[in-house]
Amino acid sequence: MTEPLLEASGVVKRYGSVTALRDASLSIRPGEIHALMGANGAGKSTFVKVLTGAVRPDAGTILLRGQRREAHSPAEARRSGMVSVYQEPAILPDLTVLENLVLTETPVDAFRTHLEGLGIRNLDLRAHARTLPLATLRIIDLARAMAIEPDVLLLDEMTAALPADLTAGVLEAVAAQRGTAGSVIFISHRMLEVAGLCDRATVLRDGSTVGVVDVAPGAEQEIVDLMLGPSADGEKRRAPDATSGPTATAASDATPRLSARNLAAGRNLADVSFDLHAGEVLGLVALEGQGQDELFDVLSGQTRPGSGEMLVDGSPVRFGHPSDAIHAGIVLVPADRSSALLMQRPVRENVALPRLAAFRRWGLIDMGEERERVGSAIDRLQIDTRAQAEVQRLSGGNQQKVTIARWLGSGVRTFLFYDPTRGIDIRTKAEIYDLVRELAAAGAAVLLLTSELEEIQRVCDRAIVIFGGRVVDEMAAGVADEPALLRAAHGLQSATAGDTSGTAS
Amino acid sequence: MTGSATAVEPRGGPLVVARVWLRDRPLVPLLLLLAGLVALLEVVQPGIVSVNWVASTMRFAIPLAILAACQTMTMLTGGIDLSVAVVASMSAYVMATTQSDIGWLAASLVALVPAGVVGLVNGIGVGLFRVHPLIMTISMSLVVSGAVNVYARSNITGGTRVPSEITDLGGQSLLGFLPNSLIVFIPLAALILVALRRSGYGRLLYAVGDNEVASRLAGVRVGRVLVVLYLISGLLAGFAGLIYAGVIGSATGRLVDPFLLPSVAAAVIGGTSIFGGRGGYAGSIVGALILTVLVTFLNVMQAPEAVRQILFGAIILAVAATYTRITEGS
Amino acid sequence: MNGLAGARSFVARWARGDTWTVGLIVIFVLLFIFTKALRSTYGLDALAIASLPVAFAAAGQAIVVISGGIDLSIGSVMALTNVIAASLLATYPELSVPVVILVMLIGALVGTVNGVLVVISRVPDIVVTLAMLFVWAGAALLVLGTPGGSSTPWLREITTGTLGIELVPRALVVLLVVVGLVWIPLRRSRLGLSIYAIGSNRLGAFRSGVHVEGTKIAAYALTGFFASLGGLALTASTGIGTPIPGPYLLLSVAAIVLGGVSLAGGRGGLLGPIVGIYILGIIRADLTFMGMEPAFSTVIQGVIMVIVVMVGAYLTLRRREA
């Protein structure tokens, strides 16, 4: 066995009274692609920060090529040969691309080569980063990291919510690193990517490394078992509910709960129409920047449509503010919890917030009644409230549950979920899927945008695909497998195009 | 759910325990600081701390505490109101110049009208046009101080006099030790404290300051919350001006101007975060008392103006830094 | 490549990128033409010298605001450097050049102290500089209890009158040369990029290898340096030192808002705020010519600012929605 390129052992990190890492270790061989896996709250992100020098561990050693490494900042880690790329790109929006390169002392020619290899050509380096789409920025961040040819490249959820075409480019570029002098640490919630790309996987649970797995056929289950721990029985319990279609077809004769008619907004949303019925979960699939952001903004009352109209229960509505949409029973659950939660406030205030919005509730709060309402919502969603004094101390999955809990029992009849399981561990994901189905079963209408295509067959009754700001396809969940969705999302003619019964107008 | 939450376990070390305890009781160190200052004052000048002295300290602290309420509430939403001092001066001056014609009560009410108007304009700028609160309220203070000057020119004949009802309220004490202004301040402070903790509107102030985007998504009409907030702030500032005119017994167009930065300082010392979402009014009241005692202390020490200013600044910074360390706890 | 075409394309790029500043310059030119029509003897030199101290303050405030901070103590620092310069020049009139250099160094040092306190105390910038506002004002009173001291002739000479034609006042030349000498090389340097970087996104800057704390301190030091230039300009124009801070905090913040510098940090430049100061100055001059009382012209100035910031905020809001 060759000498490891990077070796971390016995890493401990505490934040005040919270122990984030108890005993984390990791060993990377030269030229390998190594996955770092763990459920939310397992300490993965803290371990990444330690590895990249962003935080100093309380104990433990990090050896790079056998030498003890003492990096106190990402810059020092970079100089010692380790570069990281995060889900949130470290590109400064107010500088031009070129200035961003200068700031990080990146060779421009190598950057251009890698950028083209990743599928972006003719980028104006003098463009301000804030004018570029998020997906492009993330690719720029990766190309920049690769341009300095690091010994260890750390990719933290690089492919999450990245459009499929760019994801393919990223995975290709990462695969090309195999066997070179440099190694890659790859972090992803997408098991398929890990299975297809990585050589080995290190699994963290509760702040400790619990196993290192050679990635081979069948290893996925082993990884999942390690991540979930001995008590869990994994995903298998919740088999995909492929027969959930009928509810929608039964309801399709009735007046739709929510209808979009030729909605257009901004530059990306051109012409979208669909019907959403009570009791159904309608999946929505789109590559990045196809108008889905604008669509959700319009439906949730955050922006006014440029043209087109919305109907609720058959009557036209106009929303000037999210509170208008809420009044009509339509609520948005965004992917980014930081745009939904009051991070410094307790769980209770977060759950109770929508009730207090109306002017007539500006007066004294009935604390007893509030406690009761909030308590029942927390119970129903099984929110772990041990750290409830501030929502920011909860894990990502529990935070997402809080954003959903606030709408339960408040007369909401239409839910707009925007990628609700992004960056959430498998167990909470499954709970959220169940909850979505429960909501629909109780008569709610659900529009579910997802970047994880397997969710469509698992949770939805029907799916629509948006491309170039238009609905290009509609299919029943039964036929909406990943290849079909991907083709449609790329604007290719679907094999099931004839199956668009009724709703797409 | 053991797998999905970060393990929480209390860790030893008396220092950490003490810090956690203090973080949940931010008033304790403030009260200790206040008591320490009073004790120091008594040491420096034995006999100064008396019933009379306490009453007079409270009389001076109350207008400051009311102005600090404006800063506390606006800071909770991530804003600030730098127009409070000029607005207070304006109200005091308007009251003092109109009272001979219309009587003290009507004059006081009339004096609150322009204060409310300024607050409303601030609120419209901040809440509806989304102007940065610092900029909006600084700009409005330019307008207000200019307007007071213009008014003073046009009013050159009418004298200024603070009516006895107002001086009784601001400057006199019941039974020789209970300041009359406490009679209005206690209900006012109680109202603010309860409103911030137990009312829907108070919660919304915290919500907006913590995360405006999230509040909007939850259906909160942030603009309306802010318009009402700055309107309240303007009215409170005007009210503080009236009380302070009573404490001093006279009114000029710039009477309360020097209180601007202390009002911010009182809220900051009291533990309200200037970034919003954290803090409360109880701390600001103690903050106002601390600043008032501090001024007395520096007077007693007969420190020259230069040294007083330097110490004042240094103490604000030291308290804020200590406070930051306690609350962050890392 | 043709040099003229190159320059033209540079200007075109700049104008596209900074339409706000271009608009301000147009407004200023229109106001100037209007003022000339009002009173043909009006020259830019009076405006330039009256605006010099606050223009330096605006430039300094812009730098720290771009870095994501704010310096409420800028007026006090100007007063402090103003009285140090005036009292030293009164004592050592023959050492005027070393004194001026020393005052600039003191300004940078005072700014460094502000920056270090912001970094180590972890208290928000606005609170730290609010506290330091008192400290530096007290220090100014320690240096000079009452207005006094003196200036040196050459300070006045380089800022008074015009260079040849009437449109080029010396004070403007001094301003542009000094700001240009410091800012243009800085803007392109790693430090300059770092200042924009930490204002734009602190975490992103840290991950890009920027020394966030060091950059922040450097930004405050630069602000202190420009504040000391403002203090020297006060010494030059008044001939004495005054230990009471003038309204320069208000004006500098007003100027950066007018000048298109985002209070959130990361965006804007120094030219916009300087033009903003000139616009505020010329409006005041116009109102005086039209026989308006000073008190009333303050009201007008304030109302103009309120309208400008409201319209500016409204346009930003619309742009974000569109």
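Chain A is the first sequence line, chain B the second, and so forth, proteins listed ahead of strands; every chain is numbered from 1.
- With contacts defined as side-chain heavy-atom distances shorter than 4.5 Å, the pair B/V268/C/V123 does not qualify.
- Minimum interatomic distance between B/I310 and C/A139 (heavy atoms only, all atoms of both residues): CD1-N, 3.7 Å.
- In this structure, chain B has a heavy atom under 4.5 Å from the side chain of C/I70, while its backbone stays farther away.
- The shortest heavy-atom contact between B/A306 and C/L141 is CB-CB, 3.5 Å.
- For chain B, no part of C/I304 is nearby; none of its heavy atoms comes within less than 4.5 Å.
- No side-chain heavy atom of C/I126 sits under 4.5 Å from any side-chain heavy atom of B/V264.
- Atoms CD1 and CG, from B/I274 and C/L130 in turn, are 7.5 Å apart once rounded to the nearest 0.5 Å.
- Ranking C/A264, C/G302, C/S297 against chain B, the residue ahead of the rest is C/G302, based on heavy-atom pairs under 4.5 Å.
- Counting only heavy atoms from C-beta outward, the side chains of B/V143 and C/V306 approach each other to under 4.5 Å.
- If you tally non-hydrogen atom pairs under 4.5 Å between each of B/L261, B/V307, B/L142 and chain C, the highest count goes to B/L261.
- Of the two parts of C/M132, only the side chain, counted from C-beta on, holds a non-hydrogen atom closer than 4.5 Å to a non-hydrogen atom of chain B.
- Contact record, B/Q309 with C/A137: OE1-CB, 3.3 Å, taken as the closest heavy-atom pair.
- Residue C/A254 does not touch chain B at all, counting heavy-atom pairs closer than 4.5 Å.
- Comparing C/V253, C/V127, C/I256 by heavy-atom pairs within less than 4.5 Å of chain B, the highest count is held by C/V127.
- The parts of B/I138 that come within reach of chain C are both its backbone and its side chain, each placing non-hydrogen atoms under 4.5 angstrom from that chain.
- Listed options B/I316, B/L317, B/N149 were ranked by heavy-atom pairs under 4.5 angstrom with chain C; first place goes to B/L317.
- For B/A147 against C/V299, the heavy-atom pair with the smallest separation is N-CG2, 3.2 Å.
- Neither the backbone nor the side chain of B/L311 comes within contact range of chain C, judged by heavy atoms closer than 4.5 Å.
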